[in-house]
J.: 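Input: one structure, supplied below.
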Amino acid sequence: MNNDHQIESLLSNNNLNPGLRKIAEKVKNEERISFDEGVYLYEQADLPYLGILANYIRNKRHGDLTYFNRNFHIEPTNICVYDCKFCSYSRMIKQREEGWEMDVDGMIDIVKKYDKEPVTEVHITGGVVPKQNLEFYADFFTRCKAHRSDLHIKALTPVEYYYIFKKAKLSHYDGMKYLKEAGLDSMPGGGAEIFHPEIREKIAHDKCTAEQWLDIHEQAHKLGMRSNATMLYGHIEEFWHRVDHMDRLRQLQDKTGGFQAFIPLKFRNKDNQMSDVPEVSVVEDLRNYAIARIYMDNFDHIKAYWAMISRNTAQLSLNFGVDDIDGTLDDTTKIYSMAGAEEQNPAMSTQQLVRLIKDVGRKPIERDTLYNVINDYTDFEFEDEVKPKFYSLPVINS
């Protein structure tokens with residue numbers, strides 16, 4: 001059953017809740033749903049209903065195309081001046097002996113390891129320490145571009161930038177402008193967590209506020225840079241906090257158009273100060289992806305990090321609004337694995353990523369950071385490929 005038939009079948013169901021019917025009609029007519037309707041979806045909508053709507057939107061925008069890129073991470077330090085309760089990755093400065101702090105030479109050495117590899121992006125984020133300041137990163141960006149000018153630098157979050165710019169006595173705009181001129185290309189979406197202060201104060205009380213996070217992205221957008229946005233879900237927040245978070249992002253996107261992808265991040269409870277908080281189910285993961293796709297109508301892409309949610313859940317998410325599963329990673333990040341993600345050594349070859357996408361009937365597209373197509377692997381066959389058994393995505397009937 002194709003997307004149009006599924007949504008028509010849904011709307012022809014006389015037993016459909018009137019509130020859910022109204023939302024389905026809005027989705028069909030490409031109308032924006034309201035804040036209250038977003039909360040209503042979380043409270044009332046089941047997974048099959050959400051899958052039909054999210055898949056309808058996803059397929060109208062992207063068809064079967066599913067994006068990935070060839071990337072690697074650099075995590076300059078896991079030492080941090082901040083004390084986020086959900087973080088399994090960072091170590092406070094007083095625990096320095098348990099962590100690492102890289103210098104610029106060490107970071108450049110990591111870049112050089114990929115000199116003969118067809119990677120297109122280096123993703124940089126980590127802890128916040130005083131010596132990794134404005135000049136530290138300007139030096140790295142400049143040297144990285146001098147060494148490999150075609151490598152896209154996607155670096156640091158507003159949490160890091162807010163600290164760096166405050167220490168340098170620069171405005172958000174002037175700080176972003178300075179680093180852009182040094183070689184910065186775009187920003188990842190981290191550090192957003194949950195924007196509402198009653199939750200943010202409890203889980204990340206000493207890092208930048210929602211307003212500061214949003215303003216740094218706005219200044220980057222004014223400078224022509226693109227960025228992503230995340231939301232940490234599945235801990236102590238309520239459904240309306242998630243919608244409040246997405247609504248603030250949707251409002252800024254209306255204003256600037258600078259966001260590329262929205263990335264829901266699942267709270268993992270291993271070895272952090274919130275280990276007593278149970279993790280949500282895979283069903284809730286899929287519901288959350290779907291509602292994000294329905295609510296974030298002005299975001300082109302919804303991304304699932306396969307390294308955080310597992311390869312199997314990433315495959316399932318492609319039928320619940322997700323059209324991007326991130327990149328090869330090459331086991332260069334510890335942020336997910338230290339929090340208890342299924343992928344303890346996150347790395348996939350291009351061939352593995354392509355197979356993962358093809359196995360659920362989607363079309364694998366290698367992209368660059370700005371979603372320009374590099375390779376279409378839909379009909380490509382690797383020389384040594386052994387074709388595994390085909391597994392189709394679950395069919396959702398109304």
Side-chain angles (χ1 to χ4, degrees), residues 2-3 6 50-71 118-121 123 154 188-189 226 228-230 259-266 282 285-294 296-297 299-330 342-343 346-382 385 387-396:
N2 68 29
N3 302 314
Q6 281 198 331
L50 291 170
I52 289 170
L53 297 191
N55 205 38
Y56 177 81
I57 297 167
R58 182 240 202 266
N59 287 358
K60 284 204 75 167
R61 289 181 177 228
H62 304 292
D64 284 326
L65 303 185
T66 298
Y67 299 95
F68 71 93
N69 68 341
R70 299 200 215 194
N71 63 349
V119 293
T120 58
E121 172 191 290
H123 178 133
K154 184 172 77 176
R226 308 301 300 275
N228 294 333
T230 61
F259 287 116
Q260 297 197 113
F262 178 61
I263 310 155
L265 298 176
K266 179 175 184 167
V282 171
D285 294 333
L286 298 176
R287 289 179 77 248
N288 192 64
Y289 283 122
I291 293 171
R293 179 62 286 171
I294 295 164
M296 308 295 275
D297 58 3
F299 275 64
D300 287 338
H301 304 281
I302 304 294
K303 181 191 289 190
Y305 276 136
W306 65 264
M308 175 164 278
I309 62 171
S310 84
R311 301 178 195 209
N312 289 342
T313 305
Q315 286 179 308
L316 287 171
S317 76
L318 298 181
N319 219 34
F320 292 88
V322 169
D323 65 279
D324 188 313
I325 58 171
D326 198 52
T328 48
L329 299 179
D330 198 31
E342 286 84 356
E343 298 285 344
M348 268 203 277
S349 67
T350 300
Q351 182 172 338
Q352 288 173 311
L353 268 170
V354 166
R355 176 47 56 194
L356 181 135
I357 293 166
K358 283 184 175 182
D359 277 354
V360 289
R362 299 292 191 176
K363 297 179 178 180
I365 304 294
E366 183 190 349
R367 59 165 177 85
D368 66 12
T369 306
L370 302 178
Y371 286 86
N372 299 302
V373 174
I374 295 177
N375 289 302
D376 182 343
Y377 283 93
T378 303
D379 299 315
F380 185 87
E381 292 188 12
F382 294 89
E385 186 167 14
K387 292 186 179 179
K389 188 175 179 181
F390 182 87
Y391 296 93
S392 61
L393 282 167
V395 175
I396 300 171

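In this chain, numbering begins with 1 at the start of the sequence shown. Computed from heavy atoms alone, side chains included, the values below leave out hydrogens, waters and symmetry copies.
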J.: How would you list, by chain and number, every residue that makes a ring pair (Phe, Tyr, Trp, His ring centres under 6.0 Å) with Phe299, sequence neighbours excluded?
T.: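 Phe299 satisfies ring pair (Phe, Tyr, Trp, His ring centres under 6.0 Å) with Phe259 once adjacent residues are dropped.
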J.: Can you list everything that forms a salt bridge (Lys or Arg N to Asp or Glu O under 4.0 Å) with Arg287? Sequence neighbours excluded, please.
T.: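 In terms of salt bridge (Lys or Arg N to Asp or Glu O under 4.0 Å), with neighbours along the sequence ignored, Arg287 is linked to Glu284.
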J.: Short question: side chain of Arg293, backbone of Met296 - any donor-acceptor pair under 3.5 Å?
T.: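 At least one qualifying donor-acceptor pair exists.
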J.: Asp324: which residues meet the salt bridge (Lys or Arg N to Asp or Glu O under 4.0 Å) condition with it, sequence neighbours left out?
T.: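 Once residues adjacent in sequence are excluded, the partners of Asp324 under the salt bridge (Lys or Arg N to Asp or Glu O under 4.0 Å) criterion are Arg367.
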J.: How would you list, by chain and number, every residue that makes a salt bridge (Lys or Arg N to Asp or Glu O under 4.0 Å) with Asp368, sequence neighbours excluded?
T.: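 Here no residue qualifies.
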J.: Does a side-chain heavy-atom distance below 4.5 Å link Thr230 with Pro264?
T.: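 Thr230 does not reach Pro264 side chain to side chain.
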J.: Pair Asp326, Asn71 - check side chain to side chain contact (heavy atoms under 4.5 Å, CB included), show working.
T.: CA-CA 9 Å; Asp326 198 52; Asn71 63 349; 3.8 Å; yes
J.: Of all the heavy-atom pairs spanning Ala304 and Ser317, show the shortest one and how long it is.
T.: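 Closest pair (atom of Ala304, atom of Ser317, distance): CB-OG, 3.7 Å.
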J.: Asp64: what forms a salt bridge (Lys or Arg N to Asp or Glu O under 4.0 Å) with it, not counting sequence neighbours?
T.: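 With neighbours one apart ignored, the set is Arg362.
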J.: Mind checking the CZ-CE spacing from Arg311 to Met348? Nearest 0.5 Å is all I need.
T.: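 Arg311 atom CZ to Met348 atom CE measures 4.5 Å (nearest 0.5 Å).
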J.: Please list, chain by chain and in numerical order, all residues satisfying side-chain hydrogen bond (donor to acceptor under 3.5 Å, both in side chains) with Thr313, sequence neighbours excluded.
T.: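 Here the qualifying residues are Ser310.
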J.: With rounding to the nearest 0.5 angstrom, report the CD1 to CD1 distance, Ile302 to Ile263.
T.: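 Answer rounded to 0.5 Å: 9.0 Å.
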J.: Under the side-chain contact (heavy atoms from CB on, under 4.5 Å) test, which residues partner Thr350, sequence neighbours left out?
T.: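 So Thr350 forms a side-chain contact (heavy atoms from CB on, under 4.5 Å) with Phe68, Arg70, Thr328, Val354, Tyr377, Phe382.
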J.: Minimum heavy-atom separation for Asn228 to Gln260, with atom names?
T.: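 It is OD1-CB, 3.6 Å.
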J.: Checking side-chain hydrogen bond (donor to acceptor under 3.5 Å, both in side chains) against Asn69, which of Glu366, Glu121, Lys154 comes through?
T.: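 Among Glu366, Glu121, Lys154, the one meeting side-chain hydrogen bond (donor to acceptor under 3.5 Å, both in side chains) with Asn69 is Glu121.
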J.: Between the side chains of Arg355 and Ser349, does any donor sit under 3.5 Å from an acceptor?
T.: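 The criterion, which ignores hydrogens and geometry beyond distance, is not satisfied for Ser349 and Arg355.
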J.: With a 4.0 Å cut-off, would you call Lys363 and Asp376 a salt bridge?
T.: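 No salt bridge links Lys363 with Asp376.
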J.: Measure the spacing between CG of Asn312 and CG of Asp359 and express it to the nearest 0.5 Å.
T.: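 Going from CG on Asn312 over to CG on Asp359, the span is 10.5 Å.
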J.: Please identify each residue that fulfils side-chain hydrogen bond (donor to acceptor under 3.5 Å, both in side chains) with Asp300, with sequence neighbours left out.
T.: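 Asp300 satisfies side-chain hydrogen bond (donor to acceptor under 3.5 Å, both in side chains) with no residue once adjacent residues are dropped.
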J.: Would you give the length of the straight line joining atom CG of Leu65 to atom CG of Leu318, rounded to the nearest 0.5 angstrom?
T.: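 Between atom CG of Leu65 and atom CG of Leu318 there are 11.5 Å.
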J.: How far does CG of Asp285 sit from NZ of Lys266, to the nearest 0.5 angstrom?
T.: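 Taking CG in Asp285 and NZ in Lys266, the distance rounds to 3.5 Å.
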J.: Side-chain contact test, heavy atoms from C-beta onward, threshold under 4.5 Å: evaluate it for Leu50 versus Ile294 and give yes or no.
T.: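 Of all side-chain heavy-atom pairs linking Ile294 with Leu50, at least one is under 4.5 Å.
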J.: Of all residues at least two apart in sequence or in a different chain, which pass the side-chain hydrogen bond (donor to acceptor under 3.5 Å, both in side chains) check with His301?
T.: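 Partners of His301 by the side-chain hydrogen bond (donor to acceptor under 3.5 Å, both in side chains) criterion, ordered by chain and then number, come out as Asp323.
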J.: The criterion is side-chain hydrogen bond (donor to acceptor under 3.5 Å, both in side chains); which residues satisfy it with Thr120, sequence neighbours excluded?
T.: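 If we apply the side-chain hydrogen bond (donor to acceptor under 3.5 Å, both in side chains) test to Thr120, skipping adjacent residues, there are no hits.
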J.: Can you find a heavy atom in the side chain of Asn55 that is under 4.5 Å from one in the side chain of Arg58?
T.: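 The answer is yes, as the side chains (C-beta and beyond) meet within the 4.5 Å cut-off.
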J.: Can you measure from NE2 (His123) to OG1 (Thr369) and round to the nearest 0.5 angstrom?
T.: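 Spacing of NE2 (His123) from OG1 (Thr369) equals 10.5 Å.
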J.: Taking the side chain as every heavy atom from C-beta outward, state whether His62 and Tyr67 have any atom pair closer than 4.5 Å.
T.: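 Result yes, sub-4.5 Å side-chain heavy-atom pair found.
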J.: If every non-hydrogen atom of Tyr371 is compared with every non-hydrogen atom of Ala261, which pair is closest and at what distance?
T.: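 So the minimum-distance heavy-atom pair works out to OH-CB, 3.8 Å.
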J.: With sequence neighbours left out, what residues match Ala314 under side-chain contact (heavy atoms from CB on, under 4.5 Å)?
T.: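 Trp306, Ile309, Ile325.
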